[in-house]
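Heads up: the structure comes next, in structure tokens.
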Amino acid sequence: MPGYELFGAQERKEVNDVLETGILMRYGFDGPRKGIWKAKELEQELCKTFNVGHAQLVSSGTAALTTAMAALGIGAGDEIIMPTFTFVASFEAVLSVGAIPVLVDIDETLTLSPGAVEAAITKRTKAVMPVHMCGSMAQMDELKAICATHKLLLLEDACQAIGATYKGKSVGTIGNAGTFSFDFVKIITCAEGGAVITNDEEVYRKCDQFSDHGHDHMGRDRGADLHPYLGYNYRISELHAAVGLAQVRRIEEFLTIQKRNHSIIYNLLKSVEGLTFRQIPDPAGDAGSFLSFFLPTEEMTREAVAGFAAEGIGGNFYWYDNNWHYIRKWQHLQNSSMMNHMYDDQKKMVMHYTNQAFPISDAIMSRCISSSISLVWTEEQAKERGDKMAAIISKVIAAHSITV
Ligand SMILES: *Cc1c(COP(=O)(O)O)cnc(C)c1O
């Protein structure tokens, strides 16, 4: 899955360009930087690679979500519909702009269930936020139609799915805005960084301003800039952007290896009777960073997870027990435990929505294993891993069939 597995000469070269000038900041210092503008170059590269009008780099994927929400005008009292299976950053970002996360069920795509989204719409709903989990994509046609009917914004959290496509379009470029993360374990990395991508020029301009204290970047220098809005500092550094630039240029190389190893393992697990796979709305667009599958029951799934561990097969995620990715263990959200405090309305709504049971999501997540796909496996190693996994799962399922 992660870009950190393949780090080398290209990345070092880009970083060295920046170290030669010593200009580590992305804005200003036009003379001393001697034509080196890594953040700008990376933004152009993102637009070209993902066929999108605008890209604004920021310091993380979380900052990208906050920035995108601010630029889309999401704020106090607005309800944002999002899935029960995501990474904590998605709801943290909603809270950061004073809005209210409304968590709804997923389906076997492991992303938003369109029916659950529709059922959760109220007068206060402002946006729907699909999260393209584990390298694959949400049902974008259905979600787009719902947003059009109810006049809602569509914000795609594509932090985990850089390089995935849906019907020929890169995920993140389909809604009003999308976000990428380049943190250390993402498909491409720059250690810490993120981007908002959008085809809406005004949204882009606001992201550019919001992420740099509201600077309009129209002045001759930073001192001469005006500040049409309040903002924050979510700037990326030139050093991080330099690494990201090298990695984005390698995205095709990464995806090719990832998809090859993904299909080797998929083909070996396919023959295991009783095993089913995550539904992929557009299989050709899967980035291949994970292979997610279901066993028939929670008990069997837990036995398979234990079996993988016993055989030393790492990288198999059982999200149902995970503190970061599934609502079941988000006690801090369920208790509204914030260091500063929420406004009353927000607190009431958060506690209301998050203390409810999610039996539909539970029934899916308790049977789901996501197996991460490495860029450094040879075909032989991928095959060996797939064979071992298939044997373990077959044994678990067979043992239960006998006792039935
Ligand atoms: C990683 C991730 C983020 C946040 O990205 P950071 O760069 O780590 O802040 C947001 N959403 C999802 C789904 C993620 O996986």
Side-chain angles (χ1 to χ4, degrees), residues 1-2 5 85 106-111 132-139 160-161 163-166 187 254-322 325-326 361-404:
M1 166 200 182
E5 292 179 317
F85 175 48
I106 54 158
D107 57 23
E108 291 206 350
T109 64
L110 300 185
T111 62
H132 303 292
M133 286 301 277
C134 306
S136 180
M137 75 298 297
Q139 298 158 80
Q160 283 196 14
T165 57
Y166 175 79
I187 292 175
F254 290 2
L255 290 174
T256 304
I257 303 171
Q258 213 162 249
K259 288 181 182 187
R260 181 200 70 196
N261 287 343
H262 182 275
S263 79
I264 289 172
I265 295 187
Y266 171 74
N267 284 322
L268 289 167
L269 296 195
K270 213 169 54 179
S271 55
V272 176
E273 201 153 335
L275 184 92
T276 54
F277 292 91
R278 170 188 189 174
Q279 287 167 17
I280 313 283
D282 178 8
D286 191 341
S289 49
F290 284 89
L291 178 64
S292 300
F293 51 86
F294 307 105
L295 275 79
T297 65
E298 176 179 341
E299 194 186 0
M300 287 188 231
T301 312
R302 289 185 180 277
E303 285 174 22
V305 171
F308 296 150
E311 294 279 322
I313 307 170
N316 286 293
F317 293 88
Y318 186 51
W319 307 116
Y320 194 55
D321 281 349
N322 183 291
H325 291 82
Y326 185 56
S361 297
D362 283 350
I364 294 165
M365 294 312 295
S366 62
R367 297 185 299 108
C368 176
I369 298 172
S370 294
S371 195
S372 68
I373 304 295
S374 170
L375 296 174
V376 295
W377 298 333
T378 61
E379 288 185 49
E380 217 26 68
Q381 287 168 324
K383 194 174 162 309
E384 204 179 298
R385 177 185 171 94
D387 278 333
K388 278 192 193 161
M389 287 174 65
I392 291 165
I393 300 166
S394 301
K395 207 169 129 195
V396 167
I397 295 178
H400 283 266
S401 313
I402 292 163
T403 59
V404 167

Nearest 0.5 Å, what's the [atom1]-[atom2] distance between [X] and [Y]?
| X | Y | atom1 | atom2 | result |
| --- | --- | --- | --- | --- |
| I264 | L291 | CD1 | CG | 12.0 Å |
| S292 | F317 | OG | CZ | 10.5 Å |
| L269 | T276 | CG | OG1 | 11.5 Å |
| L110 | H132 | CG | NE2 | 13.5 Å |
| S372 | F290 | OG | CZ | 5.5 Å |

Test of understanding: with side-chain hydrogen bond (donor to acceptor under 3.5 Å, both in side chains), list the residues that count as partners of [X], not counting sequence neighbours.
| X | value |
| --- | --- |
| S271 | none |
| T111 | T109 |
| K395 | none |
| D321 | R302, R328 |

Closest heavy-atom contact between [X] and [Y]?
| X | Y | value |
| --- | --- | --- |
| I369 | A304 | CD1-CB, 4.1 Å |
| P281 | Y166 | CB-CE1, 3.9 Å |
| I392 | G307 | CD1-O, 3.8 Å |
| G135 | S289 | CA-OG, 3.3 Å |

Quiz item: Does the pair I265 and R385 meet the rule for a side chain to side chain contact (heavy atoms under 4.5 Å, CB included), with working shown?
Solution: CA-CA 8 Å; I265 295 187; R385 177 185 171 94; 3.8 Å; yes

Exercise. Sequence neighbours left out, what passes ring-ring contact (aromatic ring centres under 6.0 Å, His included) with Y326? Give chain and number order.
Key: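 Applying ring-ring contact (aromatic ring centres under 6.0 Å, His included) to Y326 gives Y320.
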
Exercise. Return the set of residues passing ring-ring contact (aromatic ring centres under 6.0 Å, His included) with F85 (not counting sequence neighbours), or none when no residue passes.
Key: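 W319.
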
Quiz item: Among all residues two or more places apart in sequence or in another chain, which pass the salt bridge (Lys or Arg N to Asp or Glu O under 4.0 Å) test with K270?
Solution: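 For K270, no residue satisfies salt bridge (Lys or Arg N to Asp or Glu O under 4.0 Å) once neighbours in sequence are set aside.
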
Quiz prompt | Under the salt bridge (Lys or Arg N to Asp or Glu O under 4.0 Å) test, residues paired with E384 that sit two or more places apart | solution =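 Salt bridge (Lys or Arg N to Asp or Glu O under 4.0 Å) check on E384 returns nothing, list empty.
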
Quiz prompt | Pairing residues for I397 by the side-chain contact (heavy atoms from CB on, under 4.5 Å) criterion, not counting sequence neighbours | solution =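 I397 satisfies side-chain contact (heavy atoms from CB on, under 4.5 Å) with V272, L295, P296, M300, I393, S401 once adjacent residues are dropped.
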
Quiz item: Who pairs with A287 by side-chain contact (heavy atoms from CB on, under 4.5 Å), at least two apart in sequence or on another chain?
Solution: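 Testing A287 for side-chain contact (heavy atoms from CB on, under 4.5 Å), a comparison that skips the adjacent residues, returns A164, I187, L255, Q258.
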
Quiz item: Less than 4.5 Å apart, any side-chain heavy atom of E108 and any of R367?
Solution: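 Side chain of E108 against side chain of R367, heavy atoms only: contact under 4.5 Å found.
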
Quiz item: Taking side chain as C-beta onward, heavy atoms only, is I106 less than 4.5 Å from M365?
Solution: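 Yes, at least one pair of side-chain atoms sits under 4.5 Å.
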
Self-check item: Check: E303 side chain, V396 main-chain N or O, donor-acceptor pair, under 3.5 Å
Solution: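 No: the side chain of E303 does not pair with the backbone of V396.
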
Quiz prompt | Short side-chain to backbone donor-acceptor contact, N261 and S374, under 3.5 Å | solution =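 Yes, N261 side chain to S374 backbone: donor-acceptor pair under 3.5 Å.
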
Practice problem: Quick one: which residue pairs count as a side chain to side chain donor-acceptor pair (under 3.5 Å) with a foot in residues 305-318, not counting sequence neighbours? | Solution: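 For residues 305-318: N316-S371.
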
Self-check item: Stepwise side chain to side chain contact (heavy atoms under 4.5 Å, CB included) test for R278 and C134
Solution: CA-CA 11 Å; R278 170 188 189 174; C134 306; 3.6 Å; yes

Quiz item: Do any pairs count as a ring pair (Phe, Tyr, Trp, His ring centres under 6.0 Å) and have a residue in residues 262-289, sequence neighbours left out, and if so which ones?
Solution: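 Passing the test, one end in residues 262-289: Y266-F277.
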
